[in-house]
> 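Take a look at the following structure, please.
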Amino acid sequence: MIKDFNKYSTKFNFGKIILTLILCVALLDCKNSNFNKENSNQKTAVSTEFNFLPTSNTKEIVVHDFYTLSYNEKYEQAEWVAYKLSSDMVSQHHFKRPFFIDDPRVESRSASWKNYKNSGFDKGHLCPAGDMKFSEKAFDDTFFTSNISPQKHDFNDGIWNTLESKVRYWAVKYNEIYVITGGILNNNLQTIGREKVAVPNYFYKVLLTNSGGEYKVIAFLVPAVNNTEPLYKFVVSVDSIEKVTGIDFFPRLNDTLENTLERNSDYKKWSF
């Protein structure tokens, strides 16, 4: 009887061990499944994080590692350049300034830097090299000719440079900022070079941030001339820039939120 009991007891204990192991494996699988699901969600969040791209009038979207642009062959420059700038990207690294080169990703071919030679205009960055000093690769990629537009030196080195510096200030202050910039491209503009690169009379910047869980935008429309006026004098509504460019800057935002943000030209929520 005792022997039989010991036999069944041993089998029972062995059965408990097997059951315990099965439960442990099941729990481990469940944990791994949740972990993989969380990682998958994180990867999805990363891959869709840069999801506020504007609409394109030309459908020639060019994606680089740290910025995206819509190239307009008619005017031989980007109609917009868009990128995200976070506080940890703002850096004072000093890299050797490379030569401007054609953008190999522009199917219609970007205009040559030679168009600017002896033109009296700077090769004005749209995505500034100063915003991409966190990486030599990112810095060098701003020297594609798809990322430049003709600008008078006093404008490029003056108020436009001041606005670019202010964007970096806001990126640090608000932790992360989304930037869209370009020239106002329309007919009857002055052109330079053999490829007739258009010279915009105005440049714009549209900025979006989600600071403290609240979306806010600010937009600037700046005449391409030397100017000493304070930056807030050039604040306009996003709607007004959309009307002259034909671009929808935030098509993926909730329509109600988008309409509220884009008709507002109040700069008081931004620290100047």
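Numbering starts at 1 and runs along the sequence shown.
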> Under a 4.0 Å N-O cut-off, is there an ion pair linking E73 with R109?
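A salt bridge is absent here (no side-chain N lies under 4.0 Å from a carboxylate O).
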> Check the pair W160 / T181 against side chain to side chain contact (heavy atoms under 4.5 Å, CB included), numbers first and verdict last.
CA-CA 11 Å; W160 193 245; T181 190; 3.5 Å; yes
> Rounded to the nearest 0.5 Å, what separates atom SG in C127 from atom CE in M132?
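Between atom SG of C127 and atom CE of M132 there are 3.5 Å.
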> Side chains of N115 and R194: does their closest heavy-atom pair fall under 4.5 Å?
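N115 vs R194: side chains touch.
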> Report yes or no: do K74 and N187 form a side-chain donor-acceptor pair below 3.5 Å?
yes
> Please report the C-alpha distance between I192 and V199 in whole Å, then the side-chain angles of each, then the deciding distance to 0.1 Å, and finally whether the side chain to side chain contact (heavy atoms under 4.5 Å, CB included) criterion is met.
CA-CA 7 Å; I192 59 170; V199 181; 3.9 Å; yes
> With a 4.5 Å cut-off on side-chain heavy-atom distances among I, L, V, M, F, W and Y, is there a chain of contacts connecting V172 to Y169?
yes
> Under 4.5 Å between side-chain heavy atoms, counting indirect links through other Ile/Leu/Val/Met/Phe/Trp/Tyr residues: same cluster for I218 and I177 or not?
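The answer is yes; both residues are in one hydrophobic cluster.
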> Can you classify the ring geometry of F250 versus Y178 as parallel (below 30°), tilted (30 to 60°) or perpendicular (above 60°)?
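Ring orientation of F250 relative to Y178: tilted.
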> Just so I know, are the side chains of W270 and L207 near enough to count as touching, which here means a heavy-atom distance under 4.5 Å?
yes
> Which atom names give the shortest non-hydrogen contact between Y174 and S211, and what distance separates them?
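The answer is CD2-OG, 3.5 Å.
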> Tell me, please, which residues at least two apart from H93 pass side-chain hydrogen bond (donor to acceptor under 3.5 Å, both in side chains).
S91
> Under a plain distance cut-off of 3.5 Å, with no hydrogens placed, do N57 and E79 share a side-chain donor-acceptor pair?
yes
> Does W80 reach the main-chain N or O of I247 with its side chain, forming a donor-acceptor pair under 3.5 Å?
no
> Looking only at the side chains, is there a donor atom on one of S237 and S265 sitting less than 3.5 Å from an acceptor on the other?
no
> Can you name the closest pair of heavy atoms from I184 and V244 and give their distance?
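Where I184 meets V244 most closely, the heavy atoms are CD1-CG2, 3.8 Å.
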> Ignoring hydrogens and angles, tell me if any N or O in the side chain of E242 forms a donor-acceptor pair with the backbone of F249 under 3.5 Å.
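Between the backbone of F249 and the side chain of E242 there is a qualifying donor-acceptor contact (under 3.5 Å).
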> Quick one: do D102 and S112 satisfy side chain to side chain contact (heavy atoms under 4.5 Å, CB included)? Show the steps, please.
CA-CA 6 Å; D102 294 355; S112 169; 4.2 Å; yes
> With no hydrogens and no angle check, just 3.5 Å: does a side-chain donor-acceptor pair link Y202 and N186?
no
> K173 and S271: which non-hydrogen atoms are nearest, and at how many Å?
CE-CB, 3.3 Å
> With no hydrogens and no angle check, is any side-chain donor or acceptor of S110 less than 3.5 Å from a backbone partner on V106?
no
> Using a 4.5 Å cut-off on heavy atoms from C-beta on, say whether the side chain of N201 contacts that of P223.
no
> Quick check: do F134 and D88 have side-chain heavy atoms less than 4.5 Å from each other?
no
> Quick check: are there more than 12 heavy atoms from other residues, nucleotides or ligands sitting under 6.0 Å from CD of Q92?
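Check fails, neighbour count at 12 or below.
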> Examine the side chains of D122 and Q151 and answer whether a donor and an acceptor come within less than 3.5 Å of each other.
no
> Under a plain distance cut-off of 3.5 Å, with no hydrogens placed, do N175 and S87 share a side-chain donor-acceptor pair?
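Side-chain D/A pair, S87 to N175: present.
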> Using ring-ring contact (aromatic ring centres under 6.0 Å, His included), reason through F220 and F234 one step at a time and then give a plain yes or no.
CA-CA 5 Å; F220 296 85; F234 303 100; 8.2 Å; no
> Give a yes or no on whether a salt bridge exists between D141 and K137, defined as a side-chain N under 4.0 angstrom from a carboxylate O.
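Yes, D141 and K137 are salt-bridged.
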> Going from CG on L208 to NZ on K84, what distance comes out if it is rounded to the nearest 0.5 angstrom?
12.5 Å
> Is I180 reachable from I61 through a run of I, L, V, M, F, W or Y residues, each pair having side-chain heavy atoms under 4.5 Å apart?
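Yes, it is one cluster - the side chains of I61 and I180 are joined through contacts under 4.5 Å.
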> Is it true that F144 and H125 have ring centroids separated by less than 6.0 Å?
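No; H125 has its ring centre 6.0 Å or more from that of F144.
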> Say whether, by atom type as modelled, one donor and one acceptor occur between the side chain of E60 and the main chain of E107 under 3.5 angstrom.
yes
> Using atom types as modelled and distance alone, determine if a side-chain donor or acceptor of N259 lies under 3.5 Å from a backbone N or O of D255.
yes
> Mind checking whether L261 and V238 have side chains closer than 4.5 Å, heavy atoms only?
no
> Can you find a heavy atom in the side chain of N147 that is under 4.5 Å from one in the side chain of V81?
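The answer is yes; the side chains approach within 4.5 Å.
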> Is there side-chain contact between S165 and R168, with heavy atoms separated by less than 4.5 Å?
yes
> Identify whether V179 and Y67 are in the same connected component of the hydrophobic contact network (ILVMFWY, side-chain heavy atoms under 4.5 Å).
yes
> From K123 NZ over to Y116 OH, what is the distance, rounded to the nearest 0.5 angstrom?
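Those atoms lie 8.5 Å apart.
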> Using the benzene-type ring in the case of Trp, are the ring centres of F95 and F139 under 6.0 Å apart?
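Centroid distance F95-F139: below 6.0 Å, so yes.
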> Could you see if F100 belongs to whatever hydrophobic cluster contains F66? Use Ile, Leu, Val, Met, Phe, Trp, Tyr and a side-chain cutoff under 4.5 Å.
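Unlinked, F100 and F66 end up in two clusters.
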> Output, in order, the C-alpha distance, side-chain angles, deciding distance and verdict of side chain to side chain contact (heavy atoms under 4.5 Å, CB included) for L231 and I159.
CA-CA 8 Å; L231 287 175; I159 193 168; 4.0 Å; yes
> Residues in ring-ring contact (aromatic ring centres under 6.0 Å, His included) with Y71, at least two apart?
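Y71: no ring-ring contact (aromatic ring centres under 6.0 Å, His included) contacts found.
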> Restricting to non-hydrogen atoms, name the atom on G246 and the atom on T55 that form the minimum distance, rounded to 0.1 Å.
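So the two residues come closest at O-OG1, 4.4 Å.
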> Are any side-chain N or O atoms of K216 and backbone N or O atoms of K269, one a donor and one an acceptor, separated by less than 3.5 Å?
yes
> What is the distance from atom CG of L85 to atom CG of D131, rounded to the nearest 0.5 Å?
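Result: 5.0 Å between the selected atoms.
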> From I101 CD1 over to T145 OG1, what is the distance, rounded to the nearest 0.5 angstrom?
8.0 Å
> Go through it in stages, so that I can follow the logic: the residues are H64 and D103, the test is side chain to side chain donor-acceptor pair (under 3.5 Å), and I'd like the CA-CA distance, side-chain angles, deciding distance and then a yes or no.
CA-CA 10 Å; H64 289 291; D103 188 338; 2.7 Å; yes
> Can you tell if the side chain of T209 reaches within under 4.5 Å of the side chain of W170, non-hydrogen atoms only?
no
> Could you check whether any side-chain N or O of T245 sits under 3.5 Å from a backbone N or O of I241, counting only pairs where one atom can act as donor and the other as acceptor?
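Answer holds: yes.
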> Which pair of heavy atoms, one from P200 and one from P150, lies closest together, and at what distance?
CD-O, 4.1 Å
> Excluding sequence neighbours, so at least two apart, what forms ring-ring contact (aromatic ring centres under 6.0 Å, His included) with W113?
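So W113 forms no ring-ring contact (aromatic ring centres under 6.0 Å, His included) with any residue.
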> To the closest 0.5 Å, what do you measure between OG (S56) and CG (D248)?
12.0 Å
> Can a donor-acceptor pair be found, under 3.5 Å and without considering hydrogens, that links the side chain of Q77 to the backbone of Y75?
yes
> Closest approach of F203 and G183, non-hydrogen atoms and distance?
CD2-CA, 3.6 Å
> Got a sec: does the CZ of F272 have more than 12 other heavy atoms crowding it under 6.0 Å?
yes
